[in-house]
Amino acid sequence: MALSRVCWARSAVWGSAVTPGHFVTRRLQLGRSGLAWGAPRSSKLHLSPKADVKNLMSYVVTKTKAINGKYHRFLGRHFPRFYVLYTIFMKGLQMLWADAKKARRIKTNMWKHNIKFHQLPYREMEHLRQFRQDVTKCLFLGIISIPPFANYLVFLLMYLFPRQLLIRHFWTPKQQTDFLDIYHAFRKQSHPEIISYLEKVIPLISDAGLRWRLTDLCTKIQRGTHPAIHDILALRECFSNHPLGMNQLQALHVKALSRAMLLTSYLPPPLLRHRLKTHTTVIHQLDQALAKLGIGQLTTQEVKSLLLITSEK
């Protein structure tokens, strides 16, 4: 110890580069950092910077897109018919998810500003109406798929009956055109039956002028003449009271009207009347909103959707 102190004193006085003995230095290093013969090791862990994380994520996304593209090319080359169905299904899921997000934004805005359904603009009102129908049909498919192995049967039924079980997002362009023709034919089939019921109740109308107007209207329709708007509006009193009021209609007449609206006609008459009232109320609200917007503001796709306004009831 005395010798080491002398060496330290000489180095301090003369500026010598002499350091304590190697034995003392090694003992200090062994006591502090074990067998570290060089600089002591850092105890901190190495953390990846944000740039490395972003590069890793972009690499994963790029590889995923490349693999997905190869998979699509493989399906299109070896299974072309299945690839068409697969593409329609994936695009349908994306459109349904986009509709869900838009419907959520509309509902949130309604809740924040205390807006009712009939106070919405036309496009938002129509979007909510259509989305409710889509969700109802999807829930129905989900319920019947609950039993064990029932999902395989549901897939088969969806393939065989796409018009009845699938929503419009999963229809092919050809199916959309064909189904529109089918719905138009259904409406045409129910019109003669509705006219015959109107002719049966004409004698029950107390006002002679209304009886004459309704008879003339039925005659024009049977001859293929499209009635004017003022001819229809002049008969509003007939449909607000007996015998053509909603609550006074016969069961067969209610079923014929349901088929004309493409509604289910196999329900009990009270439920059919309730559905007709609800449906006609929504159509009236949509007409008012459309009048505020203006028909000239509609796009081609919106005009086509108007033709399918009751296609998924």
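Everything quoted here is computed from the prediction, not taken from an experiment. Basis for what follows: all heavy atoms, side chains included, without hydrogens, waters or symmetry-related copies.
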Does Arg213, at its CZ atom, have more than 12 non-hydrogen atoms belonging to other residues, nucleotides or ligands within less than 6.0 Å? no

Common cluster, Phe155/Phe161, ILVMFWY with side-chain heavy-atom separation under 4.5 Å: yes

Ile167 side chain reached by Cys138 side chain, heavy atoms, under 4.5 Å: yes

Are any non-hydrogen side-chain atoms of His169 and Leu93 less than 4.5 angstrom apart? no

Just wondering, do Lys101 and Arg105 contact through their side chains at under 4.5 Å, heavy atoms? yes

Does any non-hydrogen side-chain atom of Leu276 lie less than 4.5 Å from one of Leu249? no

Once rounded to the nearest 0.5 Å, what's the spacing between atom CZ of Phe131 and atom OG1 of Thr136? 9.5 Å

For Leu214 and Ile205, the nearest pair of non-hydrogen atoms, with its separation, is CD2-CD1, 3.6 Å

For Leu244 and Cys238 the tightest heavy-atom approach is CB-O, 3.1 Å

Using the test ring pair (Phe, Tyr, Trp, His ring centres under 6.0 Å), find all partners of Tyr159 that sit at least two apart in sequence or belong to another chain. none

So, taking the atom named CD1 in Ile195 and the one named CD1 in Ile221, what distance separates them when rounded to the nearest 0.5 Å? 4.0 Å

ILVMFWY network linking Leu153 to Ile144, side-chain heavy atoms under 4.5 angstrom: yes

Taking every heavy atom of Leu293 against every heavy atom of Tyr122, the minimum-distance pair comes out as CD2-CD2, 3.9 Å

Side-chain heavy-atom pair Ser258, Arg275 within 4.5 angstrom cut-off: no

Got Lys137 and Gln133 here, is their nearest side-chain heavy-atom distance under 4.5 Å? no

Hey, what's the ring geometry for Trp171 with Phe179, parallel, tilted or perpendicular (30° and 60° as the breaks)? perpendicular

Note: Glu124-Lys102 ion pair, threshold 4.0 Å (strictly below): no

Gap separating the CG atom of Asp99 from the CZ atom of Arg168, nearest 0.5 angstrom: 6.0 Å

What distance separates Lys91 NZ from Phe170 CZ, expressed to the nearest 0.5 Å? 13.0 Å

Over all heavy atoms of both residues, which pair between Ile194 and His253 is shortest? Give the atoms and the distance, please. CG2-NE2, 4.1 Å

May I ask you to say whether Arg163 pairs ionically with Asp178, meaning some side-chain N is under 4.0 Å from a carboxylate O? no

Are Leu257 and Tyr197 close enough that some pair of their side-chain heavy atoms sits under 4.5 Å apart? no

How many angstroms lie between CZ in Phe117 and CD in Gln285, if you round to the nearest 0.5 Å? 6.0 Å

Do Phe186 and Arg259 make a side-chain contact, defined as non-hydrogen atoms from C-beta onward lying under 4.5 Å apart? no

Can you name the residues that form a side chain to side chain contact (heavy atoms under 4.5 Å, CB included) with Lys277, not counting sequence neighbours? Met246, Asn247

With a 4.0 Å cut-off, would you call Glu126 and Arg123 a salt bridge? no

